[in-house]
Amino acid sequence: MLSSKSFIAELQNNGFKFFTGVPCSLLSGLISSLEDAPDVSYLPAVREDAAVGLCAGAYMAGTLPVLLMQNSGLGYCLNAFTSLNLIYKIPTLVIMSWRGCGGKDAPEHIIMGEINEDLLKTSGMDYAILTEDNYADVLKQAMKNIKAELPFTLLVKKGLFDERH
Amino acid sequence: MKGTEAYQELLSVIGDEPVIHANGYICRESFSLKDREANFYMIGSMGLASSIGLGVALCKPEQKTIIFDGDGNVLMSMGTLAMIAAAAPKNLVHVVFDNQVYESTGSQRSLSNVIALEAVAKSSGYREAVKVTRKEEVKPVFEKLMQSEGPSFLLIKVEPAFNPATGRVTHTPEEIKARFMRALSNP
Ligand SMILES: Cc1ncc(C[n+]2csc(CCOP(=O)(O)OP(=O)(O)O)c2C)c(N)n1
Ligand SMILES: [Mg+2]
């Protein structure tokens with residue numbers, strides 16, 4: 001398991017200062033830690049695509065953004081990713097929970113769980129699967145993309161972070 | 001009043017403030033009247049001009065930030081009105097050109113002939129939400145909103161009278177972003 005607190009510290013060390021998103025139980029520990037931390041702010045968004053917009057504004061105003069979301073929100077975001085982030089070259093670090101991974105989850109998550117990676121690939125969104133062992137390397141890869149002004153997604157499987165639900 | 005008349009009234013008040021434009025005719029009209037580095041022309045991602053504007057306003061609290069939105073765009077992202085009201089940035093002015101149609105796609109009617117968007121903004125919690133219908137009102141009302149604490153909402157009722165000969169934005173998306181970011185760090 002990755003500690004939410006230390007992962008947030010890693011993100012802060014890499015310069016991320018603006019956090020927003022729509023909750024997922026797999027990210028509940030991460031979001032609670034963001035809300036509890038004295039030196040960061042987490043802005044609750046009403047929809048994932050609106051959070052993409054917020055992050056784009058933050059980036060252009062000079063602040064590196066992180067978007068936390070469940071993969072159910074990926075469909076809402078595809079238009080924003082393809083007609084905003086990718087064509088203007090506006091980077092955002094997306095932390096996306098991978099519900100339905102391996103076909104074992106509630107029925108509403110099964111199809112998205114199966115096509116999650118393919119959707120990211122076909123839309124040109126670079127991503128990596130975050131694990132306890134690879135987070136330092138994966139963050140380096142993410143920062144390379146962010147510096148090249150491209151979005152990057154970290155897929156989070158169940159059990160990686162502490163869940164408070 | 002025509003949309004183009006409303007823009008001219010607003011332009012006389014705008015200095016170096018960033019202006020985030022919703023997609024469609026809003027970008028084209030503004031670009032043709034006065035292209036500025038501090039204009040962000042959002043050509044896709046319909047509905048997100050308001051959230052982009054909120055992101056800019058929150059990260060540049062010392063800078064007045066303006067959103068030029070359309071009724072169709074606002075209706076697509078009504079939840080963002082709640083985000084703006086909850087975040088309550090004092091430096092945000094949200095202007096809506098309400099022609100009551102999706103003019104860019106052939107003037108199909110939206111819902112703003114029956115839904116009072118300024119009332120939605122006000123009840124969401126914007127500090128100020130004003131509707132204007134006469135050209136003479138635009139400048140004084142906008143000037144007042146620019147000088148007071150936001151977030152404020154200015155709904156301008158305009159005729160759907162866009163001239164289709166008006167040019168399109170000629171900058172590439174990457175250029176639009178680079179110029180906008182330059183303008184933001186050197187206001
Ligand atoms: C997600 C999405 N749906 C539909 C469109 C097509 N479209 C482009 S502009 C526009 C109308 C925008 O309406 P409004 O905000 O009222 O601006 P107006 O055209 O009236 O100036 C539409 C429907 C789009 N670009 N994106
Ligand atoms: Mg319209």
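All chains are named by letter (A, B, ...) in the order of the sequence lines, taking the proteins before the strands, and each is independently numbered beginning at 1. Computed from a prediction, not measured in an experiment: that's the story for all the values here.
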Minimum-distance pair of heavy atoms, taken over all atoms of [X] and [Y]:
{"X": "Ile52(B)", "Y": "Ala56(A)", "result": "CG1-CB, 4.4 Å"}
{"X": "Met83(B)", "Y": "Ala50(A)", "result": "CE-CB, 3.6 Å"}
{"X": "Leu48(B)", "Y": "Ala80(A)", "result": "CD1-CB, 3.6 Å"}
{"X": "Ala61(A)", "Y": "Lys60(B)", "result": "O-CE, 3.5 Å"}
{"X": "Lys177(B)", "Y": "Glu149(A)", "result": "NZ-OE1, 2.8 Å"}

Can you tell me which of Gly55(B), Ala87(B), Gly53(B), Ala57(B) forms the most heavy-atom pairs within a distance under 4.5 Å of chain A? Gly55(B)
I'd like to verify something: which residue of Gly44(B), Ser51(B), Pro18(B), Gly79(B) has the highest number of heavy-atom pairs under 4.5 Å with chain A? Ser51(B)
Please flag which part of [X] lies under 4.5 Å from any non-hydrogen atom of chain B: side chain, backbone, both or neither.
{"X": "Leu43(A)", "value": "side chain"}
{"X": "Phe81(A)", "value": "neither"}
{"X": "Ala51(A)", "value": "neither"}
{"X": "Pro65(A)", "value": "neither"}

Applying a strict under-4.5 Å side-chain criterion to I, L, V, M, F, W and Y, I'd like to know whether [X] and [Y] cluster together.
{"X": "Val138(B)", "Y": "Val93(B)", "result": "yes"}
{"X": "Leu78(A)", "Y": "Val94(A)", "result": "yes"}
{"X": "Leu54(A)", "Y": "Tyr59(A)", "result": "no"}
{"X": "Leu54(B)", "Y": "Met78(B)", "result": "yes"}
{"X": "Phe18(A)", "Y": "Met143(A)", "result": "no"}

Atom [atom1] of [X]: over 12 foreign heavy atoms under 6.0 Å:
{"X": "Lys131(B)", "atom1": "NZ", "answer": "no"}
{"X": "Arg109(B)", "atom1": "CZ", "answer": "no"}
{"X": "Leu33(B)", "atom1": "CG", "answer": "yes"}
{"X": "Lys157(A)", "atom1": "NZ", "answer": "no"}

Check for a donor-acceptor pair, side chain of Ser45(B) on one end and backbone N or O of Ser83(A) on the other, with a separation under 3.5 Å. no
Given that the side chain runs from C-beta out, which part of [X] has a heavy atom under 4.5 Å from chain A: side chain, backbone, both or neither?
{"X": "Ile176(B)", "answer": "side chain"}
{"X": "Ser77(B)", "answer": "neither"}
{"X": "Ile20(B)", "answer": "neither"}

Close side-chain approach of Thr63(A) and Leu58(B), heavy atoms under 4.5 Å: no
Does Tyr88(A) have its ring centroid less than 6.0 Å away from the ring centroid of Phe180(B)? no
